[in-house]
Amino acid sequence: MSDNKVDHILIIGGGTAGWMCAAALSHRLRADRVRIELVESEGIGTVGVGESTIPHIRHFNASLGIDEADFMARTHATYKLAIEFRDWGRIGDSYMHPFGAFGVPGAVVDFHHDWLRSGGETALGSIDDYSLPIAMARGQRFARPASDPRDLASTYAYAFQFDAAAYARYLRDFAEARGVIRTEGRVTDVQVDGETGHVRNVSLESGQRIEADLFIDCSGFRGLITEQALATGYEDWSHWLPCDRAIALPSAATGELPPYTRATALEAGWAWRIPLQHRVGNGHVYASAFMDDERAETLLRDQLEGEALAEPNRLRFLAGKRKRQWNRNCVAIGLSSGFLEPLESTSIHLIQSAIGHLLDLFPTGEWDPAEADEFNRVMDQEYARIRDFLILHYKATQRDDTEFWRHCREMDIPDSLAGKIEHFRERGLIADYEHGVFLKPSWQAVFLGQHITPQRLDPRAVNAAAGIRPLAAELTRIATAMPGHAEVLSAHAHATAD
Ligand SMILES: Cc1cc2nc3c(=O)[nH]c(=O)nc-3n(C[C@H](O)[C@H](O)[C@H](O)COP(=O)(O)OP(=O)(O)OC[C@H]3O[C@@H](n4cnc5c(N)ncnc54)[C@H](O)[C@@H]3O)c2cc1C
């Protein structure tokens with residue numbers, strides 16, 4: 001047996017990715033065995049956006065033993081039950097992508113089959129009326145899900161909308177308390193071993209040199225180690241996801257606290273609205289080939305519901321991912337590993353997922369390529385699944401009011417997504433995807449919300465409008481009996497202050 005092992009980890013970057021890594025690694029690896037250091041540069045700063053999440057983040061926080069009320073107070077967080085999509089299928093449309101199932105648990109067929117066979121929208125109203133998290137989101141209610149799976153109040157999950165910079169600070173305190181050593185400074189040079197191609201050390205502007213066995217590149221879009229030093233290469237997906245710019249602009253809180261994110265399709269992209277406790281996060285993601293920056297800013301300002309609180313933060317990106325997320329002794333996590341626009345709030349999830357896989361495949365020190373290959377295989381799949389789900393929102397539009405939307409309707413799509421759409425269009429089947437983070441209700445919401453209707457239904461589907469209709473009223477009743485979202489947040493704030 002060999003004695004080689006990874007004794008020293010260096011994380012480059014202190015954005016959300018860097019501090020999530022530092023927190024998780026310091027929690028899971030024993031400080032007396034592995035030294036964990038993090039270098040970040042306040043002068044360079046972080047990307048400064050990233051506020052909406054999916055329910056998996058709760059497992060990340062729980063795995064660190066983080067108290068939810070404390071975390072929410074420190075990050076000004078709100079609860080999130082859904083995303084509302086406005087104007088995506090057609091102008092004037094609105095549908096919700098909920099974190100939970102449609103219909104009743106344990107039904108024989110997926111609910112959309114029964115809903116469609118029973119007359120669909122005409123006989124039963126929107127499918128959104130048959131989802132508890134949507135009823136809660138609309139009524140601005142919140143309670144934690146019930147634990148009994150037979151209970152209708154167990155049919156949903158929830159996530160958070162939070163201040164990402166505050167989350168990074170929170171995790172920094174967590175990681176430093178567990179022995180992570182933080183160095184302030186700018187990395188100016190990366191030394192690579194000519195023989196093995198492994199990174200040996202990095203040099204800071206101050207002259208300090210830091211050696212490590214494993215380097216985690218969390219340096220953001222620039223990919224300081226993975227790209228600038230190791231020239232890993234990038235898979236460009238912009239022909240499928242043409243948006244390449246964003247403007248972020250926070251605005252004053254309006255007094256409303258909707259427990260959901262809104263994504264409104266605009267002329268050449270879309271705008272987000274993310275309500276936090278102390279302000280509202282807004283942004284416009286757009287395609288520079290179809291819209292100039294000035295028009296993009298005007299459209300964003302038109303969306304604001306409160307006074308702008310800062311100067312606009314302008315960002316550029318390219319949809320895609322690194323060819324190898326783990327290359328030699330460097331693992332790229334966060335924006336350095338790739339980027340998929342925040343339409344379904346998935347970037348922080350990809351960080352979490354990469355950390356989980358890195359811990360599962362933690363290098364033994366022998367640098368067996370099988371470890372990196374498996375990590376890359378799984379992460380590639382996760383990226384591709386999310387990519388497909390995002391493309392669906394653009395491809396399945398009936399809008400033809402601008403050149404951008406006409407382009408999206410006509411563009412080629414990956415075979416994997418084409419097959420998935422075909423299955424649904426043919427017979428309402430939501431084909432399983434290995435390693436896909438989005439499950440049936442997510443696909444149901446977007447397919448139906450954007451007017452893809454199955455030609456045939458599951459033969460087991462029932463025509464039972466009279467039996468189904470009362471469910472909508474029952475879900476509204478359950479939601480209405482729950483406390484208001486604002487009330488729950490203020491109870492947390494009092495509990496943490498006590
Ligand atoms: C427009 C937009 C909206 C987004 N919205 C969401 C969302 O709603 N939900 C979601 O999950 N995600 C979202 N994201 C993604 C999310 O913001 C990022 O995934 C997350 O913030 C992680 O960023 P990061 O830590 O990888 O990079 P960054 O925040 O860029 O951090 C990079 C770090 O590296 C350091 N660094 C860089 N170079 C050097 C150097 N030479 N020396 C020393 N240090 C260096 C920097 O100082 C910084 O600390 C969004 C992203 C964008 C662009």
Side-chain angles (χ1 to χ4, degrees), residues 10-22 37-57 60 80 83 159-169 171-172 182-190 202-206 208 210 216-229 243-249 261-263 269-274 276 281-286 296 300 312-319 322 332-355 386 437:
L10 180 62
I11 300 167
I12 314 283
T16 314
W19 286 113
M20 281 178 76
C21 286
E37 274 188 79
L38 183 148
V39 181
E40 67 176 315
S41 158
E42 271 169 18
I44 294 175
T46 64
V47 77
V49 280
E51 300 175 326
S52 192
T53 60
I54 58 175
H56 305 66
I57 184 85
F60 182 80
K80 175 179 172 191
I83 304 179
F160 309 108
Q161 305 168 125
F162 57 58
D163 178 335
Y167 186 50
R169 278 195 299 277
L171 293 179
R172 174 179 164 183
R182 172 188 180 273
T183 303
E184 168 62 35
R186 183 186 289 251
V187 174
T188 48
D189 191 35
V190 180
V202 300
S203 304
L204 308 190
E205 211 167 27
S206 61
Q208 185 185 350
I210 308 177
I216 304 187
D217 186 346
C218 296
S219 64
F221 286 129
R222 54 180 60 74
L224 187 78
I225 297 191
T226 185
E227 199 55 55
Q228 293 181 5
C243 290
D244 59 352
R245 302 229 171 140
I247 310 179
L249 185 56
T261 293
R262 180 187 290 158
W270 60 280
W272 76 76
R273 184 199 68 172
I274 304 174
L276 310 184
N282 309 280
H284 184 184
V285 172
Y286 59 101
L300 175 59
N313 177 7
R314 297 175 189 285
L315 299 136
R316 292 176 177 219
F317 53 83
L318 185 67
R322 292 276 167 234
I333 297 186
L335 298 174
S336 64
S337 72
F339 186 64
L340 291 170
E341 61 183 76
L343 185 57
E344 287 284 355
S345 324
T346 43
S347 286
I348 292 174
H349 168 72
L350 282 167
I351 296 171
Q352 170 181 351
S353 178
I355 294 170
I386 294 172
V437 65

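Everything quoted here is computed from the prediction, not taken from an experiment. All values below come from the heavy atoms of this structure, side chains included, with hydrogens, waters and symmetry mates left out. Both ligands and their constituent atoms are indexed starting at 1 by order of listing.
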With a cutoff of 4.0 Å, is Leu224 in contact with ligand 1, counting heavy atoms of the residue only? yes
- prompt: Any side-chain heavy atom of Ile225 sitting closer than 4.5 Å to one from Val187?
  reply: no
| query | Does the N or O separation between Thr16 and ligand 1 drop below 3.5 Å for any pair? | reply | yes
Across all chains, not counting sequence neighbours, the side chain to side chain contact (heavy atoms under 4.5 Å, CB included) partners of Glu205 are Arg186, Thr188
Result for side chain to side chain contact (heavy atoms under 4.5 Å, CB included) between Leu350 and one of Ile355, Leu335, Ile386 points to Ile386
protein heavy-atom neighbour closest to atom 15 (C) of ligand 1 works out as Ser347 CB, 3.3 Å
Minimal heavy-atom distance between Trp272 and Ala248, with the atoms involved, is CZ2-CB, 4.0 Å
ask   = Going by distance only, is there an N or O of Gly48 that falls short of 3.5 Å from an N or O of ligand 1?
value = no
Take Trp19 and Arg182 through the test side chain to side chain contact (heavy atoms under 4.5 Å, CB included) and record every step on the way to the result. CA-CA 10 Å; Trp19 286 113; Arg182 172 188 180 273; 3.8 Å; yes
Within the 4.0 Å heavy-atom cut-off, what Val285 brings close to ligand 1 is neither
Min side-chain heavy-atom separation Ser219-Gln228 under 4.5 Å = no
among protein heavy atoms, the one nearest atom 38 (N) of ligand 1 is Arg222 CD, 3.3 Å
heavy-atom search around atom 5 (N) of ligand 1 in the protein gives Pro342 CB, 3.3 Å
One finds that the ligand 1 atoms under 4.0 Å from a non-hydrogen atom of Cys218 are 32 (C), 33 (C), 34 (O)
All heavy atoms of Val47 vs all of Asn313, minimum pair found to be O-ND2, 3.3 Å
Contacts of Arg169 meeting side chain to side chain contact (heavy atoms under 4.5 Å, CB included) (sequence neighbours excluded), chain-then-number -> Ala165, Ala166
closest protein heavy atom to atom 26 (O) of ligand 1 is Leu335 N, 2.9 Å
Shortest non-hydrogen pair, Leu224 vs Val190, comes out as O-CG2, 4.5 Å
Ranking Tyr167, Phe339, Phe317 by closest non-hydrogen atom to atom 51 (C) of ligand 1, top hit is Phe339
ask   = Below 3.5 angstrom, do we get any N/O pair linking Ile348 and ligand 1?
value = yes
Of all protein heavy atoms, the one nearest atom 42 (N) of ligand 1 is Val187 N, 2.8 Å
message = For the 3.5 Å polar cut-off, considering only N or O atoms, please tell me whether Ile44 and ligand 1 meet it.
response = no
Under 4.0 Å from one or more heavy atoms of Gly14, ligand 1 contributes atoms 33 (C), 48 (C), 49 (O)
Item to check | Thr261 versus Ser52, side-chain donor and acceptor atoms under 3.5 Å | outcome: yes
Look at the aromatic rings of Phe339 and Phe221 and report parallel, tilted or perpendicular, splitting at 30° and 60°. perpendicular
Here the atoms of ligand 1 under 4.0 Å from any heavy atom belonging to Gly334 are 26 (O)
Ile351 touching ligand 1 at heavy-atom level, < 4.0 angstrom:
yes
Atoms of ligand 1 under 4.0 Å from any heavy atom of Ala17, numbered from 1 in the order shown, are 22 (C), 24 (P), 25 (O), 26 (O)
Exercise for the section: Kindly confirm or rule out an N or O of Val49 lying under 3.5 angstrom from an N or O of ligand 1. Expected result: yes
Near Gly185 (heavy-atom distance under 4.0 Å), the atoms of ligand 1 are 42 (N), 43 (C)
Heavy atoms of Cys243 and Gly269 approach each other most closely as SG-CA, 4.0 Å
Gly45 near ligand 1, heavy-atom distance under 4.0 Å? yes
Any heavy atom of Trp272 under 4.0 Å from ligand 1? The part involved is side chain
Going by the 4.0 angstrom heavy-atom rule, the piece of Ser52 near ligand 1 is both
> Are any of the N/O atoms in Val47 less than 3.5 Å from those in ligand 1?
Replying inline: yes
Here the atoms of ligand 1 under 4.0 Å from any heavy atom belonging to Thr46 are 29 (O), 48 (C), 49 (O)
- Message: Could you tell me if the side chain of Met20 sits less than 4.5 Å from the side chain of Ile348, heavy atoms only?
- Response: yes
Correct closest heavy-atom pair for Ala17 and Gly334 would be CB-CA, 3.8 Å
Are any of the side-chain heavy atoms of Leu343 and Val285 separated by less than 4.5 Å? no
So the atoms of ligand 1 within less than 4.0 Å of a heavy atom of Ala246 turn out to be 1 (C)
| query | Purely on distance, is any nitrogen or oxygen of Gly13 under 3.5 Å from one on ligand 1? | reply | no
If you scan protein heavy atoms around atom 13 (C) of ligand 1, the nearest is Gly50 CA, 3.3 Å
Residues Glu227 and Arg322: closest non-hydrogen pair is OE1-NH1, 2.8 Å
If you scan protein heavy atoms around atom 47 (O) of ligand 1, the nearest is Ser41 O, 2.9 Å
